[in-house]
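Since the structure comes first, as structure tokens, the remarks are kept for the end.
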Amino acid sequence: MRLRELLGSPTDVRIVPIPHDCTDGFQGAFWRRPAAYLDPASRAGISTLVILGDRAEPGLARLKGDLESGVWAARHAHLMDLDKIDLGYRLLITS
């Protein structure tokens, strides 16, 4: 891993699973509660959505439609059985 080389010391990489009820409010926190992305207060705490601004609106509109129609629930029903998920967040520990 290139980052390990840049750090120049032994590095331990640990997966940081995100629990379904995570309250931090970062982008990955609402993976099992997608309606939170439609809440302006929740979006205000997600830097990616803040940076996107109005450009996020088409995707949010699709999400809203999918939630209202049940498409999201049908497509992602398997997520409801998970207590946590690996969304790619990693913790690097060096000495």
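None of these values were measured; they are calculated from a predicted model.
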(Q) Nearest 0.5 angstrom please: Ile18 CD1 to Leu82 CG, how far? (A) 13.0 Å
Q. Please, which pairs that meet salt bridge (charged side-chain N to carboxylate O under 4.0 Å, His left out) have at least one residue in residues 15-39, sequence neighbours excluded?
A. none
**Q.** Distance (rounded to the nearest 0.5 Å) between Glu57 CD and Leu49 CG
**A.** 9.5 Å
Q. Mind checking what makes ring pair (Phe, Tyr, Trp, His ring centres under 6.0 Å) contact with His20, not counting sequence neighbours?
A. none
Q.
Test your reading of the model: is there a side-chain donor-acceptor pair from Trp31 to the backbone of Leu87, 3.5 Å cut-off?
A. no
Q: Could you tell me whether a side-chain N or O of Tyr37 sits under 3.5 Å from a main-chain N or O of Ser42, the two making a donor and an acceptor?
A: no
**Q.** Closest approach of Gly28 to Tyr89 (non-hydrogen atoms, all atoms of both residues)
**A.** N-OH, 3.4 Å
Q | Minimal non-hydrogen separation, Arg43 against Leu38, with atom names | A | NH1-O, 2.8 Å
**Q.** Exercise: identify the closest heavy-atom pair between Phe30 and Gly25
**A.** CZ-CA, 3.6 Å
Q. Would Leu63 and Met80 show up in the same hydrophobic cluster when neighbours are defined by side-chain heavy atoms closer than 4.5 Å?
A. yes
Q: Decide whether Ile51 and Ile46 are clustered together by the hydrophobic rule: side chain heavy atoms of Ile, Leu, Val, Met, Phe, Trp, Tyr closer than 4.5 Å, transitively.
A: no
Q) In Å and rounded to the nearest 0.5 Å, what is the CD1 to CG distance from Ile15 to Leu91? A) 11.5 Å
Q. Pairs in or reaching into residues 81-95: which pass salt bridge (charged side-chain N to carboxylate O under 4.0 Å, His left out), with residues at least two apart or in two chains?
A. Asp86-Arg90
**Q.** Pair Leu79-Trp72, side-chain contact (heavy atoms from CB on, under 4.5 Å): steps then yes or no
**A.** CA-CA 11 Å; Leu79 295 177; Trp72 191 95; 4.3 Å; yes
Q: Compare every heavy atom of Ala44 with every heavy atom of Val50, then report the nearest pair and how far apart it is.
A: CG2-O, 3.5 Å
